[in-house]
Amino acid sequence: MDSIHTYGIWMAESLQHRTKGLEKLWLLITHAGGPKPAFLFVFPCAYFFCRRTGIAVLWVAAVTEWLNLMLKCVLFGERPFWWIGESQMFSNKLPKVQQYSSTCENGPGSPSGHAMVTAAVWWVVASSLRSFLYRRNYSIPVTYIPYVLYGLLLVVVGISRVFVLAHFPHQVVTGSIAGLVVGMYLNHRVPERRPFRFFVSVAVALLLGTLILNAGLQWLGVDPTWSLILAKKWCSHSEWVRPDVAPFTSLARDCGVLLGLGLAQYWKPGGWPMLAKKPQVVSLVLSSMALYLVYSAPLPLRPPMLYYTLFFVKFAMVPQIVMLVPGLVHFEMRKMKRT
């Protein structure tokens, strides 16, 4: 693997040198290609385009991110920014690479979570857009445009992750392939209108699966925090090692959105099919504003259990906000008409 890692470092160095003028663009892409935008941006937009697509996006994003967490725990993938120092492969000539605020993620590196979640979630979106164009009787070449854009998206997100030294190229490729497979599989198994106990069962299964895996690693003598130790050691700015990109934070987010999705469907949200275009836009705007307020609310970092609990609650609110706001808008419109 040393030769593959070394090649990846030189590729990142060349990429940073040749595209230095695009630095802000790469940073924007790497932020947009993360799991958080899938929950906070892609999901509400997809839901207001098509209810089934929105639920599929949320379902696929949560399960894919958890699967990525499990794979990272068992594959022990290195990250470029710490491997440069740990490997001692560059004692004679250090690569001229730069770290960024998006560099210092503290989980293992393989496969890329950004690439895997992006591949899975946007496959759902691309498939839905393709079906929409096909139903509108567009020509066959036009109906495949979403898949072309999907491929380009995977490429630019992958390049951005290599650029910021968060991943090696092979981790991006494996993450994209794994995400595509998971997205294609789960897109045909969307839990639309499933009972609340189904989502409770899935969330508990994700939590227990993670705890069992961590206990098994400790039993084998593996420190589950090994990647966090390396991230703190080799990150050029300690404040860049943030808790919101920690593995257990991802777990709290995934369990939260799944339980929130179950609750939102349990309340039997309505109103959306009966809204005209302008009220639909109002619903999307109100939902986006509410999501921004919820997500931007600061959380205490100590004690850790309180932080994870509040993070869980924060993301459990996401599907409920998006799915219940249209019903409230419809109710207010009916009330205004009566008066």
Side-chain angles (χ1 to χ4, degrees), residues 5-6 8-37 40 65 68-69 72 76-91 93-110 112-115 117 156-169 171-172 175 223-253 295-304 306-308 310-311 314:
H5 288 153
T6 302
I9 295 297
W10 295 129
M11 182 180 289
E13 181 186 41
S14 176
L15 187 60
Q16 288 190 358
H17 175 72
R18 294 175 183 273
T19 63
K20 185 66 176 177
L22 301 175
E23 177 182 310
K24 292 184 178 179
L25 176 61
W26 292 131
L27 292 176
L28 175 63
I29 292 172
T30 202
H31 281 297
K36 284 181 289 186
L40 300 173
E65 187 179 33
N68 178 260
L69 173 62
K72 284 180 175 178
F76 305 104
E78 306 281 356
R79 287 191 185 267
F81 75 94
W82 75 52
W83 187 83
I84 293 173
E86 288 291 313
S87 66
Q88 312 259 325
M89 298 287 291
F90 304 97
S91 55
K93 183 184 178 182
L94 283 174
K96 297 178 181 179
V97 290
Q98 180 180 346
Q99 293 185 18
Y100 300 92
S101 58
S102 301
T103 299
C104 304
E105 297 197 20
N106 49 53
S110 186
S112 166
H114 278 61
V117 173
V156 296
V157 169
I159 292 175
S160 74
R161 300 305 287 164
V162 175
F163 180 89
V164 301
L165 289 183
H167 288 290
F168 293 98
Q171 296 173 342
V172 170
D223 183 2
T225 65
W226 67 272
S227 59
L228 174 60
I229 295 172
L230 291 177
K232 289 181 177 179
K233 179 180 179 181
W234 293 106
C235 187
S236 59
H237 294 72
S238 59
E239 65 272 17
W240 288 352
V241 184
R242 308 186 313 274
D244 63 320
V245 293
F248 273 98
T249 304
S250 300
L251 175 66
R253 172 167 54 224
Y295 181 72
S296 60
L299 300 180
L301 300 180
R302 299 288 184 216
L306 176 62
Y307 170 79
Y308 290 130
L310 293 178
F311 198 84
K314 177 183 287 192

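Numbering of residues begins at 1 and proceeds along the displayed sequence.
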query = Just wondering, do N106 and P247 contact through their side chains at under 4.5 Å, heavy atoms?
reply = yes
ask   = Under 3.5 Å, is there a donor-acceptor pair between the side chain of K314 and the main chain of A297?
value = yes
Under 3.5 Å donor-acceptor, Q171 side chain and V162 backbone = no
key: Any side-chain heavy-atom pair of H17 and K96 under 4.5 Å   = no
ask   = What closest approach, in Å, do P169 and M11 show between heavy atoms, and which atom pair accounts for it?
value = CG-SD, 3.4 Å
request  = Taking the side chain as every heavy atom from C-beta outward, state whether T249 and Y307 have any atom pair closer than 4.5 Å.
outcome  = yes
message = A side-chain contact here means heavy atoms from C-beta on lying under 4.5 Å apart; do F168 and P80 qualify?
response = yes
query = Does Y308 have any ring-ring contact (aromatic ring centres under 6.0 Å, His included) partners at least two apart in sequence or in another chain, and if so, which?
reply = none
request  = Working to the nearest 0.5 Å, report the span between CD1 of I159 and CG of L15.
outcome  = 6.5 Å
key: Separation between CD of E13 and CG of L165, rounded to the nearest 0.5 Å   = 10.0 Å
query = Under 3.5 Å, is there a donor-acceptor pair between the side chain of R79 and the main chain of G107?
reply = yes
request  = With the side chain counted from C-beta on, respond yes when V117 and N68 share a heavy-atom pair under 4.5 Å apart, and no when they do not.
outcome  = no
query = What pairs with W234 under side-chain hydrogen bond (donor to acceptor under 3.5 Å, both in side chains), at least two apart in sequence or on another chain?
reply = E86
task = List the steps, then state whether side chain to side chain contact (heavy atoms under 4.5 Å, CB included) holds for T6 with W83.
result = CA-CA 9 Å; T6 302; W83 187 83; 3.5 Å; yes
ask   = In Å, rounded to the nearest 0.5 Å, how long is the span from NE2 of H114 to OG of S160?
value = 7.0 Å
request  = Measure the OG1-CH2 distance between T103 and W82 for me, rounded to the nearest 0.5 Å.
outcome  = 12.0 Å
request  = Under the ring-ring contact (aromatic ring centres under 6.0 Å, His included) rule, collect the residues that match up with F248, sequence neighbours excluded.
outcome  = none
note = Sorted by chain and number, sequence neighbours left out, side-chain hydrogen bond (donor to acceptor under 3.5 Å, both in side chains) with Q99 holds for S236
message = Quick check for you: to the nearest 0.5 Å, what is the distance between F76 atom CZ and W226 atom CH2?
response = 7.5 Å
remark   = By side-chain hydrogen bond (donor to acceptor under 3.5 Å, both in side chains), R18 pairs with (sequence neighbours left out) S14
task = Flag the pair L228 / V241 as yes when at least one side-chain heavy-atom distance between them is below 4.5 Å, and no otherwise.
result = yes
Pairs under 3.5 angstrom only: tabulate donor-acceptor contacts from the side chains of residues 22-37 to other protein residues two or more places apart or in another chain.
from, atom 1, to, atom 2, distance (Å)
E23, OE1, K20, NZ, 3.1
W26, NE1, T19, OG1, 3.2
T30, OG1, R161, NH1, 2.7
H31, NE2, S102, OG, 3.3
K36, NZ, D244, OD2, 3.0
K36, NZ, Y295, OH, 3.1

query = If you measure from CD on E105 to OG on S250, what distance do you get to the nearest 0.5 Å?
reply = 8.5 Å
